[in-house]
Structure formats: structure tokens, C-alpha cells
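Sequential numbering from 1 along the given sequence is applied to the chain's residues.
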Amino acid sequence: MAGRHPPAVRRRGRPPAHGGPAGTQGSAGPRRRRDPALRTRGRDPAARGSHPRSSPRESPMTRKSLWALPPVAVLALVFLYPLALVVQQSFQPDTGGTSLQPYSDVLGSAAFREALWTTVWLAVGATVGCLVLGFVLALIIAFVPFPGARSVARFIDVFLSFPSFLITLALLFIYGTVGMANGLWTDVTGAADGPFQFLTTPWGVLLAEVTYFTPFVVRPLLAAFSQLDTAQLEVAAGLGARPARIIRTVILPEALPALAAGGSLVLVLCLNEFGIVLFTGAKGVTTLPMLVYSKAILESDYPGACVVAVVNVLISVGLYGLYRVVSRRAGA
């Protein structure tokens, strides 16, 4: 019996049948628990030094790129390709070859300078008029309670979808040479002609543009006024501030971003307006779009028309970039 080992020693690693206190599981010592990280280390590709197999499916970015190809192709075919042809034609005079002669002829002409000046002052004047009139209308709709204010706001949204020549025709029916206003005047006074002859002048074009583009200023202003805290207005009124001061110190600072965004958009649209000038029949009013029309259709000067079109596009793109920057800062 002295030469035999105890069962606990002969059977290594086997714990006693009935357990015992910690640290008494035999002479082999306590069993070590394997770290879960060690168990999964062999399964981790990075731990074995190998790379995971690439999935046979395409990545989400690749699928998005494939879905974007059809609209990009349509845009390039419908818009970019004709625009590239216009730019190419602007460098090809009627004598043949490629040169800057069309640009020197058009940019140095008095007709182009006059058309550029007319386009700029009409666009700036219409923008200023739209800002003033739009701000007043937005103030009335937003802060002056009257029956039908919500209907007027909805009508402004519908008005934005109207074509520009429709507004011009409406003004012709009212203030035209044989319009209702002149007809009423001749019926009452017996005169041969009515007093309203301004619609065929630059001022008639300006009136039509202000009438048509003012809702493009009213809409962002109404959105800005809806975010205005009315408690500020109540506090200012409670402190004795008059309406003019409340507008100047409380409302106007909140409306400046919306005014800037709406004014930038109106300026871009007025620079490219063609239907209003054409339908008013204003004498002596030639804008850049009208100059493109006259050179291409009336004079058959296609290189000159393309030069004017390229200049108009460059101005419009620059102003549109300004509009995007202003509208992004305004949150419109």
C-alpha cells in the first residue's frame, strides 16, 4: 500500500466526485478556462493572416452608379449635347474655319451693348419691385388677420405654375391699346384713344415682370414668417414699440435670408425672360433672349445668335450659383 499512489494522484485532472472547496481539485491544480477570444481566434480571418473573400455581389456604391447612368445619359443627350453644339457654332463664322471673329463682331456691336444694358436694368428693376411688393404682401398675409388669408397663400402657390405669357395677355386685356381700361375711357369721354399706352414701352415690360415674379418672393417670405416666434412680437408690442419699429427691428432681420434667396431667383429668371417681352410687343425693348431670337430667326446669323446665347448662359449660371449659395445660407 505504501508504493501505490493515491487515487487523486493516479487519476490526473479528475476532480473529486463530491467536489470540494476551491483549490482542492487534486494535485494537478485548478482547471484553466479558455479565453473566448482564443476560441474564436482561429476563426478570425485577420488573426490567421488571411483576408476575407470578396462577396460576389456588387457594392452599394457600384449599384448607385449604375442606377445613375441612365438619367445622366439622358441629361447629356438632351441638354449638354445641344449646348456643346451652340458653343461650337459660336466659334465657327460663316466664312468657315474656327476663330473668335463671331465674338469680336457681336461683343463690339452697339446692338449687343444696348441689349445687355436693357436686360440688366429691367432685371434689376423687376427684382427690386418684386422684393418691395412681395415683402408688403407677405406681411399682410402673415400678420394681418383677414378672412381668406389661407386661400390667398394657396393661390400664390398655384400662381407659381402659370406661364409668363398668360400674365402678359391678362395685362393686354386690361391695359392694352384696345383693352378694357382704354375702352372704358373712350366710351365715357368720347376720345379716339385711351390714356393707357405704357404697356408697349419698357415700363410695361417692367410691370409685367413684377406682376409675374412677385410670388417667387412671397413664397419664401411666408415660409420664413411661419418660423418666427410670435412671442418676440408680443414683447415688442408690450414695450410700446410701433408697428414700423417692430417690422424694422424684429421682422426684417428674420426675413433678410428669404429676401436674398427670393431676390436672387427673380434676378436669374428676369435675365432669361423671353415670353413677356415678346407678348407685350414693346417697341425698342431688346433683351439678350430677344437678340438671340432676332439674330437666329430674322437675320439667319447663327454664329452671332450662338455668341449671345453663350454670354447669356454664362451670366445665368453665375447668378444661379450665387442664388444657391444665398439659399443654402438662408435654409430655403
Pair up each side-chain donor or acceptor in residues 297-307 with any protein partner under 3.5 Å, not counting sequence neighbours, and list the distances.
{"residue": "Asp301", "atom": "OD1", "partner": "Gly304", "partner atom": "N", "Å": "3.3"}

When rounded to the nearest 0.5 angstrom, what is the spacing between CE in Met290 and OH in Tyr293? 7.0 Å
What's in the same ILVMFWY side-chain cluster as Val72, cut-off under 4.5 Å, chained through other members? none
Report yes if the side chains of Cys270 and Phe213 come closer than 4.5 Å at any heavy-atom pair, otherwise no. yes
Can you name the side-chain hydrogen bond (donor to acceptor under 3.5 Å, both in side chains) partners of Thr200, sequence neighbours left out? none
Output yes when a side-chain donor or acceptor of Tyr175 lies under 3.5 Å from a complementary backbone atom of Met180, and no otherwise. no
Members besides Leu77 in its Ile/Leu/Val/Met/Phe/Trp/Tyr cluster (side-chain heavy atoms under 4.5 Å): none
Below 4.5 Å, heavy atoms only, C-beta onward: do Pro195 and Asn182 meet side chain to side chain? yes
Is the number of heavy atoms from other residues, nucleotides or ligands under 6.0 Å of Phe198 CZ greater than 12? yes
Set of ring-ring contact (aromatic ring centres under 6.0 Å, His included) partners for Trp203, sequence neighbours left out: Trp121
Might you confirm whether atom CZ of Phe112 has over 12 heavy atoms from other residues, nucleotides or ligands at distances under 6.0 Å? yes
Any chance CD of Gln197 has more than 12 other-residue heavy atoms, nucleotides or ligands included, within less than 6.0 Å? yes
Hey, does the side chain of Thr119 reach the backbone of Leu271 with a donor-acceptor pair shorter than 3.5 angstrom? no
Can you tell me how far CG of Leu252 sits from CG of Leu139, rounded to the nearest 0.5 angstrom? 9.0 Å
Heavy atoms, side chains only, cut-off 4.5 Å: are Ser264 and Leu267 in contact? no
Are Phe165 and Ile174 linked, directly or through intermediate hydrophobic residues, by side-chain heavy-atom contacts shorter than 4.5 Å (ILVMFWY only)? yes
Can you name the residues that form a side-chain hydrogen bond (donor to acceptor under 3.5 Å, both in side chains) with Gln101, not counting sequence neighbours? Asp105
Hey, are Glu273 and Ser164 close enough side-chain-wise for a donor-acceptor pair under 3.5 Å? yes
If you define the side chain from C-beta out and look only at heavy atoms, does anything of Asn312 sit under 4.5 Å from Pro289? yes
For Tyr81, the hydrophobic cluster (side chain heavy atoms closer than 4.5 Å, chained through members) also holds Leu85
Thr168 and Thr280: which non-hydrogen atoms are nearest, and at how many Å? CG2-CG2, 3.3 Å
One should read off an interatomic distance between Leu319 CG and Asn272 CG, to the nearest 0.5 angstrom, of 9.0 Å
Using side-chain heavy atoms (C-beta onward) and a distance below 4.5 Å, is Val217 in contact with Phe135? no
Each residue besides Leu239 in its hydrophobic cluster should be listed here, by chain and number; the cluster joins Ile, Leu, Val, Met, Phe, Trp and Tyr at side-chain heavy-atom distances under 4.5 Å. Val235
Measure the CD1-CG distance between Ile251 and Leu233 for me, rounded to the nearest 0.5 Å. 5.0 Å
So salt bridge (charged side-chain N to carboxylate O under 4.0 Å, His left out) across residues 67-79, not counting sequence neighbours, yields none
Excluding sequence neighbours, so at least two apart, what forms side-chain hydrogen bond (donor to acceptor under 3.5 Å, both in side chains) with Glu209? none
Tyr103: partners by side-chain hydrogen bond (donor to acceptor under 3.5 Å, both in side chains), with sequence neighbours left out: Ser90
Please tabulate, one pair per line, all N/O donor-acceptor pairs under 3.5 Å involving side-chain atoms of residues 141-161, not counting sequence neighbours.
{"residue": "Asp157", "atom": "OD1", "partner": "Arg219", "partner atom": "NH1", "Å": "2.7"}
{"residue": "Asp157", "atom": "OD2", "partner": "Arg219", "partner atom": "NH1", "Å": "3.1"}
{"residue": "Ser161", "atom": "OG", "partner": "Val158", "partner atom": "O", "Å": "2.6"}

